[in-house]
There are 2 protein chains.
Amino acid sequence: MSDIARLAGVHVSTVSRALAGSPLVEAGKRKRIEQLAREQGYVVNPVARSLRLKRTQMVSVVIPLQHEAGQPLTDPFFVAMLGHLAEAITQRGYGMHLQKVVLPTHEWLAELIASGRSDGVVVIGQSTEHETLQQAADSYPPLVVWGGRIPGQKYCTVGSDNPGGAEAAVRHLLKTRRRRIVFLGDPTGPELRQRYEGYLRALREAPRGTAPPRVVPAHLTPDAASLAVRECIRAGEPFDALFAASDVIAISAIRALAGEGLAVPRDVAVVGFDDIPLAAHTTPSLTTVRQDVEGGARTLVDLLFRRIEGEETESVVLPVQLIVRESAPA
Amino acid sequence: MSDIARLAGVHVSTVSRALAGSPLVEAGKRKRIEQLAREQGYVVNPVARSLRLKRTQMVSVVIPLQHEAGQPLTDPFFVAMLGHLAEAITQRGYGMHLQKVVLPTHEWLAELIASGRSDGVVVIGQSTEHETLQQAADSYPPLVVWGGRIPGQKYCTVGSDNPGGAEAAVRHLLKTRRRRIVFLGDPTGPELRQRYEGYLRALREAPRGTAPPRVVPAHLTPDAASLAVRECIRAGEPFDALFAASDVIAISAIRALAGEGLAVPRDVAVVGFDDIPLAAHTTPSLTTVRQDVEGGARTLVDLLFRRIEGEETESVVLPVQLIVRESAPA
DNA sequence: ATGAAAGCGCTAACAA
DNA sequence: TTGTTAGCGCTTTCAT
């Protein structure tokens, strides 16, 4: 910048003002300075700017992966979320700082915040970090979380109606005469736990003769899910439907079932959660609960920026929709 | 930091050294300072640090979208690439700065570089930005590009063997008695152009009686592809095979064909490119050319860091593999 | 309308 | 081994 100042024969402060579009600096001079900067390929150094302004024009997006440690950043749902977040954030002229946190150290969030690397933080998935988030929320407003709403929570969440979606899915299975419905997934984090609760709620009002709830833990990786299903089958306990905590789990479950000679939906009906693009194209196509990823991402970013500007915002629960396909037909 | 210094009764520079793990500072004192920092929830400000060090510990990942402007960041291939890049970059203790560039202004790269926002840049897809990249390469070594290798190129690329893959795909179609093979896609950018060239090469050695090459431009969005195929069919010119420039195009082509009453593979065989997860699950499942996304991402990051450290690196062409499935069976 | 000067939080060369 | 000091590139208050 001092180069530009020298070339323009003015003081750096004038260049700074000119490039910031300040009305203080004379119009003609401003044009000249802008022109000069363009010629010289000069752009203001955002690092120095950030240091001075204490604003980074950056948003951090964090994905804490704990029990799902093996899960790479390739889960279709996460990854779609990322794409839409990038879209929404860059649209506002902010940069996006993407960070994956494995086996969170309980200080990861506090450190990220304290570092001042960004003006706001989006956390995708509560994982097991509810407490961490609670603590941060007190002193750090510009924080939004994709996940389930939890009673007494102090941070702002955006998330799908997990219990409602799960309940709808299980009701659908019951309505189509399935009586031994297994929940496939590890209900450790709030989101999956809520789906599990929806599952329980639906079963509570199930017709007599319905088998009691049964959980088969399966992590969000395809392999883990296949394994779990196979073991479940070999355990010999009969079931005629699976409600999977996610589409990725559901799809690999279908594969595992086929491998064990069980037909979907004839022998076992399967319902997933997410409605990832793949879901419509598997054989059989997957009945699932659709989440509105794009709307979710937009809402997250919208709320985040309102919080950055000091506004208080309430959490948002987005409606979901049961998409009935072949794996659990009507 | 000055707070910590005061509390520890030492000068800031000592704190700085201690926190940097410098052997200069007495071990006991260092422990004490580290402890203090932890208690106070202090972490060094990376912005100030960056300004001082002229290193940001950040890598920029840029996706220039030009003709595909409408295309959001949801193309499965890009998105998988992103996930793996995030993985590889964070593994090295760097942050990832994600940027999407629409309708590039020809200065986007120069500005990004000049801004000093990051220590290196990964560009995903050359799009039509070959010239821009050429110019940047001269003065900015830490730049790697996912895309096709172009004769005379000065920047470092990592990319699949596009011509080879395309050739294998088309040879496969020829071997299975297809004689009127259409290339479906817009060969504007280098990658698709290379796939097109592979297509031409295979046709050049085709048996007599094979129809001449024919291109039906289709953008990378599903809708555009469907439309193109429908028009192509209605043009009345017969064809018995499609080689699509990407899986997304191929899949929507299959849909369009079905919509027009043409059976795949009976009437028309279809081969795609990428082998996105969906490809194995469509009906019929998609014969396609598999790219190694994960290996590509790892190689990109590996080369980038070698370049950041001043090493010169050669471009890399990754092998591809024809995956034969139902849409173009053996 | 412009310049001078301070300072954002940090690191490193130099001094002690 | 530790402290002093300068300065990274910018913005902004204050003075002119």
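Chain naming here is simple, since letters A, B, ... match the order of the sequence lines and numbering starts at 1 in each.
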Identify each donor-acceptor pair in which a side-chain atom of residues 40-47 of chain A lies under 3.5 Å from a protein atom, sequence neighbours left out, and give them as a table.
residue: Asn45(A); atom: OD1; partner: Val47(A); partner atom: N; Å: 2.7
residue: Asn45(A); atom: OD1; partner: Ala48(A); partner atom: N; Å: 3.1

Please set out all donor-acceptor pairs under 3.5 angstrom arising from side-chain atoms of residues 117-126 of chain A, sequence neighbours excluded.
residue: Ser118(A); atom: OG; partner: Ser60(A); partner atom: OG; Å: 2.7
residue: Ser118(A); atom: OG; partner: Gly120(A); partner atom: O; Å: 3.4
residue: Asp119(A); atom: OD1; partner: Thr56(A); partner atom: N; Å: 2.8
residue: Asp119(A); atom: OD1; partner: Thr56(A); partner atom: OG1; Å: 3.0
residue: Asp119(A); atom: OD2; partner: Thr56(A); partner atom: N; Å: 3.2
residue: Asp119(A); atom: OD2; partner: Gln57(A); partner atom: N; Å: 2.8
residue: Gln126(A); atom: OE1; partner: Gly148(A); partner atom: N; Å: 2.8
residue: Gln126(A); atom: NE2; partner: Gly148(A); partner atom: O; Å: 2.7
residue: Gln126(A); atom: NE2; partner: Tyr155(A); partner atom: OH; Å: 3.0

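Annotation: side chain to side chain donor-acceptor pair (under 3.5 Å) contacts of Ser315(B) (sequence neighbours excluded): Gln153(B), Thr157(B). Residues meeting the side chain to side chain donor-acceptor pair (under 3.5 Å) test with Thr132(B), sequence neighbours left out: His106(B), Glu129(B). Qualifying side chain to side chain donor-acceptor pair (under 3.5 Å) partners for Asp3(B), counting only residues two or more places apart in sequence or in other chains: Arg6(B). The side chain to side chain donor-acceptor pair (under 3.5 Å) check on Thr313(B) picks up Arg307(B), with sequence neighbours excluded. With sequence neighbours left out, Tyr140(A) forms a ring pair (Phe, Tyr, Trp, His ring centres under 6.0 Å) with no residue at all.
Within residues 28-42 of chain B, the residues approaching DNA chain D are Lys29(B), by heavy-atom distance under 4.0 Å.
Both Val25(B) and Lys54(B) lie near DNA chain D, and the one whose nearest nucleotide falls closer to the 5' end is Val25(B).
A salt bridge does not link Arg298(A) with Asp302(A): every distance from a Lys NZ or Arg NE/NH1/NH2 to an Asp or Glu carboxylate oxygen is 4.0 Å or more.
Of the candidate nucleotides dC10(C), dG9(D), dA1(C), dA1(C) has the atom lying nearest to any side-chain atom of Glu26(A).
Following rounding to the nearest Å, Asn45(B) (CG) and dC8(C) (C1') show an atom-to-atom distance of 9 Å. Nucleotide dC10(D) holds its C1' atom 14 Å from the CD atom of Gln57(A), rounded to whole Å. In this structure, Leu19(B) places its CG atom 16 Å from C1' of dA12(C), rounding to the nearest Å.
Using a 4.0 Å heavy-atom distance criterion, Val10(B) is classed as a sugar-phosphate-only contact.
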Output a table of nitrogen or oxygen pairs between the protein and nucleotides 11-15 of chain D separated by less than 3.5 Å.
residue: dT11(D); atom: OP1; partner: Arg49(A); partner atom: NH1; Å: 2.6
residue: dT11(D); atom: OP2; partner: Ser16(A); partner atom: OG; Å: 2.6
residue: dT11(D); atom: O2; partner: Arg52(A); partner atom: NH1; Å: 2.1
residue: dT13(D); atom: O4; partner: Arg17(A); partner atom: NH1; Å: 3.4

